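All of these numbers come straight from a predicted model, not from anything done at the bench.
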Amino acid sequence: MATNSTFMFKWLICCALVINVGLSAREDDESTEGNITSMSSPFQSPTLPDAPYICKLRAKIFGYKCEEHEVTTKDGYILSIQRIPQGLSSSKIEGEKREPVLLMHGLLMDGAIWLINHPNESLGFILADKGYDVWIANTRGTWSSRRHTFLSTSHPDYWEWSWDELVSFDLPAIFNYIYTNTSQQKFHYVGHSLGSLTAFALFSQNNLPAKMVRSAVMLCPIAYMNLDRSILVQLAAAIFTAEAHYWLGVKEFIPTGKNVLKFLKKTCNEPGVDCSNILTSLTGKNCCLKISSIHVFTKFEPQSTSTKLMVHLSQMIRRGTVAKYDYNNMKKNMDHYGQPTPPPYNLSAIPLDLPLFLINGGMDLLADVGDLYQLLFDLGFHKSDRLKLHFQSNYSHVDFIMGFNAKEEIYDHVVEFMSLQ
């Protein structure tokens, strides 16, 4: 059955850490992925709801208490944070102290991703029902974090950042806010994909945030990206890097915008590129997605990010480095870093006693097993009793946050790990 993958791209791009590609596709798979494209008009973009909206549209409808908080970064971005202070089925009484846990989303997503499925399948709800004080972050540029102390999102300067700024400004501000508002309790951290990369980078260069963290759980951990097995991703990164000068004139990267769709056409027309099954080609075969969950997902995602961040990721894929943004100009690099090349993030400097739980999937083409091995080399001196690995052979990138059986396969392991720290 032939389908228009413009709509498919809209939700797949926010599942991938890098540029997702595909223009015309067929959905021949009869698995739980189903006929994704039949749910909506192929040219319909998610409608920006009135902010704040995550508590109202994803938590309170299921009867959960939910609070909307705001934190302002040192460079003026006003970020939205949601808090589910208690669950529905928790054994702990109201007012009893609960361990905080912070959930950090991946690229082109926002915090709603942790509440997409029904409460017995969504990590945010599951943790609240297990007695945790759940905090959900939203990085700059996402729907609920599109304000600034003096810049409008229509101003190019609003989008002048890469994931370096998430490390330098967003995460520290969020960490400090949660730590302060939970009576200086250490909190658990759970990051998916890009949410793992930014945390690795932060922990590698600043011991203070790491001292606030009780444990860190990384779903589809991302650091090195050069061994990504997706041919589409590798080619897209090459084209994107080569055209960086053009793309940097488009400050806001809008996944459903005409510039991105033109880019997709060009990528899919390259010799040897197969865009016939975009889902499998980009992320690997996701085993456990339900159409009902995807339907909810597409109401909120994908969301914008900065073009500079996308260029930064493309640099990493092409070079196999975990380094700061390269301005490809010696003088600019000197102005920003005091050296002609961008400095690397030294992941071996992550505190050796920080409890880490790395969880990856055998079918994931984005958080590739080979790239994980490179990360583990950097973590070679990490205390063995503080580093745990879990390999889910049938899981791909999206299963970890939307899989209908993720509670049994993944989240129960996460809760057990956190309970021991």
Side-chain angles (χ1 to χ4, degrees), residues 17 98-106 114 122-124 126-127 130-135 171 175 185-204 207 209-225 227 287-288 322 345-364 366-401 403 405-421:
L17 182 65
R98 299 158 185 267
E99 290 183 6
V101 56
L102 169 61
L103 306 181
M104 179 58 70
H105 60 83
W114 302 108
S122 295
L123 183 58
I126 289 170
L127 290 174
K130 288 292 184 180
Y132 288 93
D133 178 7
V134 179
W135 296 77
L171 280 185
F175 278 32
Q185 287 191 78
K186 285 189 173 185
F187 55 86
H188 302 278
Y189 180 91
V190 180
H192 176 251
S193 198
L194 183 65
S196 66
L197 172 63
T198 52
F200 285 140
L202 178 64
F203 297 152
S204 73
N207 283 333
K211 290 180 179 179
M212 300 179 188
V213 175
R214 185 180 298 273
S215 73
V217 178
M218 307 304 192
L219 306 176
C220 312
I222 293 291
Y224 297 97
M225 300 169 62
L227 296 181
C287 68
C288 306
V322 184
Y345 287 99
N346 180 16
L347 301 186
S348 62
I350 294 174
L352 303 183
D353 59 349
L354 175 65
L356 292 176
F357 189 11
L358 311 183
I359 308 176
N360 69 309
M363 303 301 293
D364 193 345
L366 296 172
D368 185 85
V369 174
D371 290 325
L372 178 60
Y373 286 154
Q374 288 186 268
L375 170 62
L376 291 176
F377 180 82
D378 283 343
L379 299 176
F381 292 101
H382 208 83
K383 291 185 177 180
S384 59
D385 62 341
R386 297 302 180 99
L387 178 61
K388 181 177 180 179
L389 305 177
H390 179 79
F391 179 71
Q392 191 69 27
S393 61
N394 64 328
Y395 261 38
S396 188
H397 208 71
V398 192
D399 293 313
F400 287 94
I401 48 174
N405 60 350
K407 178 186 181 301
E408 296 77 19
E409 301 293 347
I410 304 299
Y411 303 155
D412 284 349
H413 296 287
V414 171
V415 172
E416 180 185 14
F417 173 78
M418 295 194 324
S419 69
L420 296 174
Q421 308 310 318

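Between Phe203 atom CZ and Tyr189 atom OH the span is 6.5 Å, to the nearest 0.5 Å. Separation of atoms OG (Ser393) and CG (Asn360) is listed at 10.5 Å; rounding is to 0.5 Å. Taking CZ of Phe377 as the start and CG of Leu347 as the end, the distance is 12.0 Å to the nearest 0.5 Å. Here the CG-CG distance, from Asp385 to Asp353, works out to 9.5 Å after rounding to the nearest 0.5 Å. How far CG of Leu171 is from CG of Leu202: 5.5 Å, rounded to the nearest 0.5 Å. Note that NZ of Lys383 and CG of Leu356 are 12.5 Å apart. Values are rounded to the nearest 0.5 Å.
Side-chain contact between Leu354 and Arg386: absent, with no pair of heavy atoms (C-beta onward) separated by less than 4.5 Å. The shortest side-chain heavy-atom distance between Ile359 and His413 does not fall under the 4.5 Å cut-off. With contacts defined as side-chain heavy-atom distances shorter than 4.5 Å, the pair Trp114/Ile126 does not qualify. Two residues are said to be in side-chain contact when any heavy atoms from C-beta on lie closer than 4.5 Å; Val101 and Trp135 fail this criterion. With contacts defined as side-chain heavy-atom distances shorter than 4.5 Å, the pair Ile401/Leu123 does not qualify. Using a 4.5 Å heavy-atom cutoff, the side chains of Tyr132 and Ser419 are in contact. No side-chain heavy atom of Asp371 sits less than 4.5 Å from a side-chain heavy atom of Ile222.
Between the side chain of Asp399 and the backbone N or O of Ser396 there is at least one donor-acceptor pair closer than 3.5 Å.
Here the shortest heavy-atom pairing between Cys220 and Ser196 reads O-OG, 3.9 Å. Considering all non-hydrogen atoms of both residues, Leu358 and Leu375 come closest at CD1-CD2, 4.2 Å. Between Tyr411 and Ser122, the closest heavy-atom pair is CE1-C, 4.4 Å. The minimum heavy-atom distance linking His382 with Leu387 is given by the pair CD2-CB, 4.0 Å. Heavy atoms only, all atoms of each residue included: Cys288 and Asn394 are closest at SG-ND2, 4.5 Å. In plain terms, the two heavy atoms of Ala210 and Pro351 that are nearest each other are CB-CG, 3.7 Å.
Of the candidates Met418, Arg214, Lys186, Arg214 is the only one forming a side-chain contact (heavy atoms from CB on, under 4.5 Å) with Glu99.
In the displayed structure, Tyr373 atom OH is contacted under 6.0 Å by at most 12 heavy atoms of other residues, nucleotides or ligands.
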Dump the intermediate steps for side chain to side chain contact (heavy atoms under 4.5 Å, CB included) on Val322 and Asp378, then the final yes or no. CA-CA 11 Å; Val322 184; Asp378 283 343; 6.0 Å; no
Apply side chain to side chain contact (heavy atoms under 4.5 Å, CB included) to Asp133 and Phe187, showing your working. CA-CA 9 Å; Asp133 178 7; Phe187 55 86; over 6 Å; no
Verdict with supporting geometry, Ile410 and His390, side chain to side chain contact (heavy atoms under 4.5 Å, CB included): CA-CA 9 Å; Ile410 304 299; His390 179 79; 3.9 Å; yes
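Relative orientation of the Phe400 and Tyr395 rings is perpendicular, given thresholds of 30° and 60° on the angle between their planes. Between His192 and His397, the two ring planes are tilted [angle within 30° to 60°]. The aromatic rings of Phe417 and Phe357 are tilted relative to each other, their planes meeting at an angle between 30° and 60°.
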